[in-house]
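This report concerns only the one structure given below.
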Amino acid sequence: MKLECLNCGQTWNWQQFIIKCPCGGRLEIKRDVAGLDGERLKEIFRERLRERMSIYASGVWRYKELIFPELPEDRIVTKYEGNTGLYAPEPIRKNIGIRGLHFKAQSENPSGSFKDNGMTVAVSHGRHLGYTRFACSSTGNTSASLAMYAAMGESSSFVFVPESGISENKVMQTLAYGAKVIRFDGTYDDGIVFLEQYAKDLGLYVCNSINPFRIAGQKSIIYEAAQYLNWELPDWIIVPGGALSNVTAIGKGLEDLWTLGMIPKCPRIALVQAEGASPFHKMMAAGAEKLRPEPEPQTVASALNIGNPPSWKAARRVLEFCRGVTCSVTDEEILLSKQIIDRSGIGCEPASAASLAGLRKLLAEKVIDKDETALCILTGNLLKDTDVLSKMANPGRAAYSSLTVEEIETLL
Ligand SMILES: Cc1ncc(COP(=O)(O)O)c(C=O)c1O
Ligand SMILES: N[C@@H](CCOP(=O)(O)O)C(=O)O
């Protein structure tokens, strides 16, 4: 395994932490999986599904050979992340009129979002290198996940969180795990710029998705979905996008499975952004060469409030590999889809619902055919954003003094 600059191609070994190439390019993990035996790996992964307490009970480290084989087992900080539900809600499938539909609920991770799949790998790598101070810029999920793993690894965490436009529940969760939270006037993107500039001097190991070990861990989301589906994935994987780490990771994961002959057919990816924070979709739709950052991203799906997605180049490459498409959806479409997912009993935070909203749109536009099958990635838990829940809720109320059976009946 080595780290390679996406821009100039310079390489480094993995035993050091470099946040950005001196040329300004992002780093990517390069690893040739072609020498591995896909069929043998399937057997190993099947065996490990029976594990309960070892690191292989984790739905990330079960796939260690494809993620970070070099890391010694005793350096791993895990909360048995992954192992999340795969659901096929029939009422939603019928309602949107598609042949097959699954949801992969990364919202069921220990800190409540897909970030845990990547964070266990980044924090383990950082600790292996001897770091004890971990940092990130965050709209709240990355920070909560980082704070949880840093605490599990007996280390400290420092997180930069925008003053407004995010869910306070996530900040409370981050604080509860013991992180030092620094609020600032700006966006997630400003926090990234700060960390790129000062993290090294401050001795901080950065756990944002500009760290390629985060991406490596998030590949497990698609490995696990494939394993649960007996290595036959649906035609489409639908992914909400902000910083574009997840779409990059899922694309790379698909590339691994395809290269190793572990899946008979490589699915296509549909990347869905919120309309008010959709610089990547705009670039792709215009066929433009470069991404033009959105200085004031604005969406009800606060986790997607990102105007300058760090992984856009890597995301474009994986979309090319799997013939991906992009689209954007409005806040209203996101909230309607959230209501559908919540009422199915699965539940999710607004950003996750962008996946179903995107699927509905792409079906209406006939980009996706109703005879095809799809898997929507649900990225965050329903309880992550109770402000949005309060706005959507319409609770029946009765005064305690008049709590009679007759009155309750009128509320049913
Ligand atoms: C719940 C949730 N969904 C989706 C996203 C978007 O994922 P990405 O930034 O990897 O594109 C994020 C955060 O980034 C998130 O917290
Ligand atoms: N929604 C994210 C923002 C992107 O963070 P990153 O981990 O991809 O850098 C958050 O929860 O902060």
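Atoms within a ligand are numbered from 1 in the order they appear, just like the ligands themselves.
- Every atom of ligand 1 is numbered from 1 in the order shown, and the set under 4.0 Å from a heavy atom of N246 is 10 (O).
- Residue, atom and distance of the protein heavy atom nearest to atom 15 (C) of ligand 1 are A303 CB, 3.4 Å.
- Of the polar atoms of Y188, at least one N or O is found under 3.5 Å from an N or O of ligand 2, judged by distance alone.
- Of the options R323, K265, R268, a salt bridge (charged side-chain N to carboxylate O under 4.0 Å, His left out) to D235 is made by K265 and by none of the others.
- Test I269, I238, N246 against I377 for side-chain contact (heavy atoms from CB on, under 4.5 Å) and you get one pass: N246.
- Of the N and O atoms on the side chains of K384 and S113, not one donor lies less than 3.5 Å from an acceptor on the other residue.
- Near A243, meaning under 4.0 Å from any of its heavy atoms, are these atoms of ligand 2: 4 (C), 8 (O).
- Interface atoms of ligand 2 facing I306, defined by a heavy-atom separation under 4.0 Å, are 3 (C), 4 (C).
- In summary, the atoms of ligand 2 found under 4.0 Å from a heavy atom of R214, numbered by their order in the structure, are 6 (P), 7 (O), 8 (O).
- A side-chain N or O of S145 and one of D116 form a donor-acceptor pair less than 3.5 Å apart.
- Summary of contacts: the protein heavy atom closest to atom 16 (O) of ligand 1 is N141 ND2, 2.8 Å.
- Here I250 contributes atom CD1 and E255 contributes atom CD; the two are 13.5 Å apart, rounded to the nearest 0.5 Å.
- At a threshold of 4.5 Å between non-hydrogen side-chain atoms, the residues L375 and H102 count as touching.
- Taking a cut-off of under 4.0 Å to the non-hydrogen atoms of L304, the atoms of ligand 1 that pass are 4 (C), 5 (C), 6 (C).
- Between F103 and Y87, the gap from one ring centroid to the other reaches at least 6.0 Å.
- Within the 4.0 Å heavy-atom cutoff, S113 does not count among the residues contacting ligand 1.
- A donor and an acceptor atom, one from each side chain of S107 and E349, are nowhere located under 3.5 Å apart.
- Of all atoms in ligand 1, numbered sequentially from 1 with element shown, those under 4.0 Å from a heavy atom of L244 are 8 (P), 9 (O), 10 (O), 11 (O).
- The option with the heavy atom closest to atom 7 (O) of ligand 1, from among Y188, F114, F280, is F114.
- Distances from ligand 1 to the non-hydrogen atoms of K115 include at least one value under 4.0 Å.
- Taking the ring centre of Y56 as origin, the terminal cationic atom of R48 falls inside the region bounded by 6.0 Å and 45° from the ring axis.
- Atoms of ligand 2 lying under 4.0 Å from at least one heavy atom of S138, given by number and element, are 10 (C), 11 (O), 12 (O).
- Looking only at protein heavy atoms, the nearest one to atom 2 (C) of ligand 2 is K115 NZ, 3.1 Å.
- Once rounded to the nearest 0.5 Å, the distance linking CZ of R62 with OG of S54 reads 10.0 Å.
- Neither the backbone nor the side chain of L304 comes within 4.0 Å of ligand 2, counting heavy atoms alone.
- Taking every heavy atom of G241 and a limit of under 4.0 angstrom, the matching atoms of ligand 1 come to 11 (O).
- Not a single heavy atom of G242 sits less than 4.0 Å from an atom of ligand 2.
- Under the 3.5 Å distance criterion, the side-chain polar atoms of S124 are left unmatched by any main-chain donor or acceptor of I76.
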query = Going through the distances and angles, do E154 and R127 end up as a salt bridge (charged side-chain N to carboxylate O under 4.0 Å, His left out)?
reply = CA-CA 10 Å; E154 297 165 36; R127 282 193 68 246; 5.9 Å; no
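- Remark: ligand 2 atoms within the under-4.0 Å shell around heavy atoms of T139 are 1 (N), 2 (C), 3 (C), 10 (C), 11 (O), 12 (O).
- In terms of N/O distances under 3.5 Å, ligand 1 is not approached by S352.
- Looking at N117 and R214, their side chains never bring a donor and an acceptor atom within 3.5 Å of each other.
- Residue K170 has no N or O atom closer than 3.5 Å to an N or O atom of ligand 1.
- Residue-to-ligand polar distances keep V247 apart from ligand 1: every N/O pair is separated by 3.5 Å or more.
- Looking at T84 and Q106, their side chains do bring a donor and an acceptor atom within 3.5 Å of each other.
- Nearest protein heavy-atom neighbour of atom 10 (O) of ligand 1: S245 OG, 2.6 Å.
- Using cut-offs of 30° and 60° on the angle between ring planes, the pair Y131 and F17 is perpendicular.
- Looking from atom 8 (O) of ligand 2 to the surrounding protein, the closest heavy atom is S209 OG, 2.6 Å.
- Close approach of ligand 1 to A243 (heavy-atom distance below 4.0 Å) involves ligand atoms 8 (P), 9 (O), 11 (O).
- Outside the 6.0 Å centre-distance limit, the rings of W14 and F213 are not counted as a close aromatic pair.
- Protein heavy atom closest to atom 3 (N) of ligand 1, with residue, atom name and distance, is T379 OG1, 2.7 Å.
- Only the side chain of E349 comes within contact range of ligand 1, with a heavy atom under 4.0 Å; no backbone atom does.
- Within ligand 2, counting atoms from 1 as listed, the ones closer than 4.0 Å to a heavy atom of T142 are 2 (C), 5 (O), 6 (P), 7 (O), 10 (C), 11 (O), 12 (O).
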